[in-house]
**Q** 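Pasting a structure here, questions to come.
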Number of protein chains: 2
Amino acid sequence: MDAQTKALYEARAEIIKAMAHPTRLFIVDHLSRRKACVAELTNLIGADMSTVSKHLTVLKSAGIVEDHKQGAQVYYALRVPCIMNFFGCVESVIKTNANRQLRLVK
Amino acid sequence: MDAQTKALYEARAEIIKAMAHPTRLFIVDHLSRRKACVAELTNLIGADMSTVSKHLTVLKSAGIVEDHKQGAQVYYALRVPCIMNFFGCVESVIKTNANRQLRLVK
DNA sequence: TGCACATTTGGCAATATCGCCAAATCTGCG
DNA sequence: CGCAGATTTGGCGATATTGCCAAATGTGCA
């Protein structure tokens, strides 16, 4: 694999890596419905606010979300809605896996 | 976030985590065109065969690829073609990011 | 200015991931 | 059986990720 091809796949992996965490996945899912500030997300998630903030930083660096201040609060919004396409396919993988499991039992 | 919701996002993250590596992304991309055996992929990737084999194990455990023996060789194939939808969106994230960069410079 | 609230940053321990090497398996065949 | 080729597994050091706490920073307002 030449350097350029490698760089391409590394760039892609960066984006996907940013999604590869349950909390960040939840955040993306939630933001796909409405923008939210850190405190709001922290509440829903039930982790330390600093933890949530760092997850948001990861998503932001990847370019998946964007933030804007509104008073003392920082609101985050989904920047690339097509990310939601991931879920459909992921769900189908999970379903396929489950079916395979079932077949083994039956 | 209640335990069930958490479990759901964890399951989803498992799948995405399996994709979150340049080499594995390359493998998935390649397998979307044709099935291939380990030696073949190893050649294209240029890493130790044991490394490639382990990447394939990760993809297989996630249910993204499946394998079948053909003589002494093990062929891998994409099990869930919709995974390829990821690329389109990832590409658009990369493009959006690049445009943002440009705007900063201009 | 100084307080209260919202968020980010620094730091650290626990854990997970990665890639290579060496050794173990597995397969077809003489 | 025993060898050669293909693949997987075990193990290890290096590196990256994660989550919490404490401390720092930013913001609106009295």
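The sequence lines fix the lettering, A, B, ..., with proteins before strands; numbering per chain opens at 1. Below, each value reflects all heavy atoms present in this structure, side chains not excepted, and no hydrogens, waters or symmetry copies.
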**Q** Using a 4.0 Å cut-off on heavy atoms, which residues in residues 70-77 of chain A reach DNA chain C? List them by number, or say none.
**A** A:A72, A:Q73, A:V74, A:Y76
**Q** Starting at the 5' end of DNA chain D, which residue's closest nucleotide do you reach first, A:T23 or B:T57?
**A** B:T57
**Q** Do you know which of A:E66, A:H30, A:H68, A:Q70 makes side-chain hydrogen bond (donor to acceptor under 3.5 Å, both in side chains) with A:K35?
**A**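 Among the candidates, only A:H68 passes.
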**Q** So where does chain A start and stop touching DNA chain D, 5' to 3', when the test is distance under 4.0 Å to a non-hydrogen atom?
**A**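 On DNA chain D, the outermost contacted nucleotides are D:dT18 to D:dG28.
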**Q** Please identify which of these residues, B:L31, B:I64, B:I27, meets the side chain to side chain contact (heavy atoms under 4.5 Å, CB included) condition with B:Y76.
**A**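 So, applying the side chain to side chain contact (heavy atoms under 4.5 Å, CB included) to B:Y76 and each of B:L31, B:I64, B:I27, only B:L31 qualifies.
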**Q** Does C:dT8 have its OP1 or OP2 closer than 4.0 Å to a side-chain nitrogen or oxygen of A:S53?
**A** yes
**Q** Rounding to an integer number of Å, can you tell me how far A:D67 CG sits from C:dT7 C1'?
**A**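 Roughly 11 Å, once rounded to whole Å.
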**Q** Is the backbone N or O of B:M19 less than 3.5 Å from a side-chain atom of B:R24, with the two atoms forming a donor-acceptor pair by type?
**A**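 Checking the backbone N and O of B:M19 against the side chain of B:R24, no donor-acceptor pair under 3.5 Å is found.
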**Q** Can you tell me if B:K17 and A:H21 form a side-chain donor-acceptor pair at under 3.5 Å?
**A** no
**Q** Whole Å only: how far is the CG atom of A:D48 from the P atom of C:dC12?
**A** 17 Å
**Q** Please tell me if the side chains of A:I83 and B:V90 come closer than 4.5 Å, counting only heavy atoms from C-beta onward.
**A** no
**Q** Is B:V58 reachable from B:L78 through a run of hydrophobic residues whose side-chain heavy atoms are each under 4.5 Å from the next?
**A**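 No.
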**Q** Can a side-chain donor-acceptor contact be found between B:D2 and B:T5 if the only test is distance below 3.5 angstrom?
**A** yes
**Q** Tell me the interatomic distance from B:L59, atom CG, to C:dT17, atom P, rounded to whole angstroms.
**A** 14 Å
**Q** Taking A:T51 for its side chain and A:A47 for its backbone only, find out whether a donor-acceptor pair lies under 3.5 Å.
**A**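 Pair absent, no side-chain N/O of A:T51 close to backbone of A:A47.
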**Q** With a 4.0 Å limit, can you tell me whether B:K69 has a side-chain N or O closer than that to the phosphate oxygens OP1/OP2 of C:dT27?
**A** yes
**Q** Using heavy-atom distances to pick each residue's nearest nucleotide on DNA chain C, tell me which of A:C37 and B:G46 is more 5'.
**A**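 Nearest nucleotide further toward 5': that of A:C37.
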**Q** Would you mind telling me which residue lines up with the more 5' stretch of DNA chain D, B:K54 or B:M49, judged by nearest nucleotide?
**A** B:M49
